[in-house]
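Okay, so here's the structure we're looking at.
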Amino acid sequence: MMKKLFFIQVLVFFLVACENKNTHSDHQAVSKETYTCPMPEDSIFSDKPGTCIKCGMDLVKMEENHQPEKNATYTCPMHPSIIKDQPGACPICGMDLIKKENNNKKDENIELNALLQPTNELVISSIPVTGLEFSSEQIELNALGNIAYDTRMIGGISAKVSGRIEKLYVRYKYQKVTNGQRIMDIYSPELLTAQQNLLFLLKNDPENSTLLEAAKEKLLLLGMSNKQVMELIQSGKPLFTISVISNYSGHIHETINVDKMNIANDNMGNFSQQTEALALKEGMYVQKGQSVFTVFNPDKAWAILNIYGENQSFVKKGNAVRIIPETARQKDFKATIDFVEPFYRKESKTQTVRVGFNNSSLRIPIGSQVQAVIFGNTIKDYWLPKDAVLSLGLEKVVFQKTAEGFRAKKVITGVVLEKQIQILKGLTMKDSVAANAQFLMDSESFIKIKN
């Protein structure tokens, strides 16, 4: 009987122990579960079931893959401004929040070779190579420009007396005039009075040589010629008008300010057309010393050339230039640089040089475009074929031949000629480079970089 009772006690002990063990395991399993409030605004989390302390709703069990990660952020795919540190739903549209990935990693170790395709994987047996060559090369610079008037040949026609225009012999702008041609006749009360004074002295005091010479000198200063003064003395009759003579040959340009002449027709001040009628008309008044016309001589012209900054050190006064007009390429000619402007013109990034030439036989239109080749000084330095250097924008590279293949190497370049380029730094006479760098380039390598 005692053995039977002992056996029952042992059996009960083992049953209780197994129940406690299962209960502990279940407790550990439950402790790993997470419960949350279904309302996303509350963000209530608990390790056991219950009710939300904010809204009173029953907590729901979270799936294992929805448990929050440490230091993770979540955002709405439709509203990126919504950012939370726990998963849930977007308070605006209700969509599930997704984990925000941070792939913006900065890499400061990008080198030049990372932008280029690994060239040692290419077949290089058939690629020719070249090297530096030390020689003297004459600098030839290409430039563009236009033809302009030579301002040294510009002349002005002005009135030497005040008066009224009685006769005008030029009628339109750009009308051609020659030296000694009559431009206009002016009636001047001042000039008429000066002539009458001379005639009065000749009649009443012919022995007074001092006053006579002074009267003649005044007429000459007022614009009369020696021939006209002699005719006045011989005839004894004053001239009522004085002629204004051009001392230059060329094209007439109107320089008078017609706004000060009380012109009734406002349309006369519109100078939009080059061949329109002159605003100066007969019957108008001019003032003493007033510039009436300007004469431009197209027989003497300038070629205005623009020189870029990297080439300005090679351009000097006296350099030979070959000018090729675009309107008549067969009329190319040679000249020399007359003047290098020591400033930059407004809104221009180039320096301007002037090349004077005789345009009387060439007849190149003023304002037409020209091409030019400037022959600068001779430079003794190291040179490579231009095709051997590849431009990557701000940097220049060559493909240097090594035991494993071709490797990209940065070089510093100088003057670029038609077929050669100056190498200032980066190579030695023992180095060999690919004769044509384009053969070793992959077009995709310009957009691929090492992340």
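Results of the side-chain contact (heavy atoms from CB on, under 4.5 Å) test with C90 over T75, D96, L97 single out L97 as the only residue that passes. Considering V389, L384, V397 as possible partners of V433, the one that fulfils the side-chain contact (heavy atoms from CB on, under 4.5 Å) test is L384. Exactly one residue among L144, T352, V370 makes a side-chain contact (heavy atoms from CB on, under 4.5 Å) with L305. That residue is V370.
Heavy-atom contacts from other residues, nucleotides or ligands closer than 6.0 Å to OH of Y344 number more than 12. Atom CZ of R171 has more than 12 neighbouring heavy atoms from other residues, nucleotides or ligands inside a 6.0 Å radius. The local environment of CZ in F339 is crowded, with over 12 non-hydrogen atoms from other residues, nucleotides or ligands closer than 6.0 Å.
Under the rule for a side-chain contact (heavy atoms from CB on, under 4.5 Å), the partners of K430 that lie at least two apart in sequence or sit in another chain are T428. With sequence neighbours left out, Q175 forms a side chain to side chain donor-acceptor pair (under 3.5 Å) with no residue at all. Among residues two or more places apart in sequence or in another chain, the side chain to side chain donor-acceptor pair (under 3.5 Å) test is passed with S360 by N358. With sequence neighbours left out, E231 forms a salt bridge (Lys or Arg N to Asp or Glu O under 4.0 Å) with no residue at all. For D205, there are no salt bridge (Lys or Arg N to Asp or Glu O under 4.0 Å) partners two or more places apart in sequence or in a different chain. P189 pairs by the side-chain contact (heavy atoms from CB on, under 4.5 Å) definition with Y187, not counting sequence neighbours. Evaluation of the side-chain contact (heavy atoms from CB on, under 4.5 Å) rule for A335 yields F333, V355 as partners, not counting sequence neighbours. D150 is linked by a salt bridge (Lys or Arg N to Asp or Glu O under 4.0 Å) to R152, counting only residues two or more places apart in sequence or in another chain. The ring-ring contact (aromatic ring centres under 6.0 Å, His included) test applied to Y248 returns no partner, not counting sequence neighbours. Applying the side-chain contact (heavy atoms from CB on, under 4.5 Å) rule to V244 yields the partners I157, M184, I186; only residues at least two apart in sequence or on another chain are considered. Residues meeting the salt bridge (Lys or Arg N to Asp or Glu O under 4.0 Å) test with E190, sequence neighbours left out: K288. Partners of F343 under the ring-ring contact (aromatic ring centres under 6.0 Å, His included) rule, at least two apart in sequence or in another chain, do not exist in this structure.
The nearest pair of heavy atoms linking A434 to T130 is O-CG2, 4.4 Å.
A donor atom on one side chain and an acceptor atom on the other are found under 3.5 Å apart for Y169 and D185. For the residue pair S135/E137, the side-chain donor-acceptor check at 3.5 Å is satisfied. A donor atom on one side chain and an acceptor atom on the other are not found under 3.5 Å apart for Q369 and N146.
Taken to the nearest 0.5 Å, the CG atom of L390 stands 9.5 Å off from the NZ atom of K396.
Put simply, the side chain of P91 reaches to within 4.5 Å of the side chain of I82, judged on heavy atoms. In this structure, the side chains of I421 and V415 stay at 4.5 Å or more apart for every pair of heavy atoms. For the pair Q195 and M224, the minimum side-chain heavy-atom distance is below 4.5 Å. D85 places none of its side-chain heavy atoms less than 4.5 Å from the side chain of T73. At least one side-chain heavy atom of N142 sits less than 4.5 Å from a side-chain heavy atom of V373. Considering only heavy atoms from C-beta on, L132 stays 4.5 Å or farther from W383 through its side chain. Looking at heavy atoms from C-beta onward, Q351 lies out of side-chain contact with N306 at the 4.5 angstrom threshold.
Ring geometry for Y149 versus F296: interplanar angle of 30 to 60°, hence tilted.
For the pair K409 (side chain) and G426 (backbone), a donor-acceptor distance under 3.5 Å is present. Side-chain N or O atoms of N359 include none that pairs as donor or acceptor with a backbone N or O of A301 at under 3.5 Å. Side-chain atoms of E217 do not come within 3.5 Å of backbone N or O of A214 as any donor-acceptor pair.
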Practice prompt. Could you please spell out the steps behind the side chain to side chain contact (heavy atoms under 4.5 Å, CB included) verdict for E341 and R354?
Written response: CA-CA 8 Å; E341 294 184 356; R354 307 174 189 174; 3.1 Å; yes
Item to complete: Check the pair L219, L232 against side chain to side chain contact (heavy atoms under 4.5 Å, CB included), reporting the backbone distance first and the verdict last.
Response: CA-CA 10 Å; L219 291 176; L232 172 65; 3.7 Å; yes
Item to complete: Take E326 and K331 through the salt bridge (charged side-chain N to carboxylate O under 4.0 Å, His left out) test and state the conclusion after the steps.
Response: CA-CA 9 Å; E326 292 187 354; K331 293 184 178 180; over 6 Å; no
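Salt bridge absent: D338 and K317 never bring a charged side-chain N and a carboxylate O closer than 4.0 Å.
In this structure, the ring of Y174 has its center less than 6.0 angstrom from the ring center of H253.
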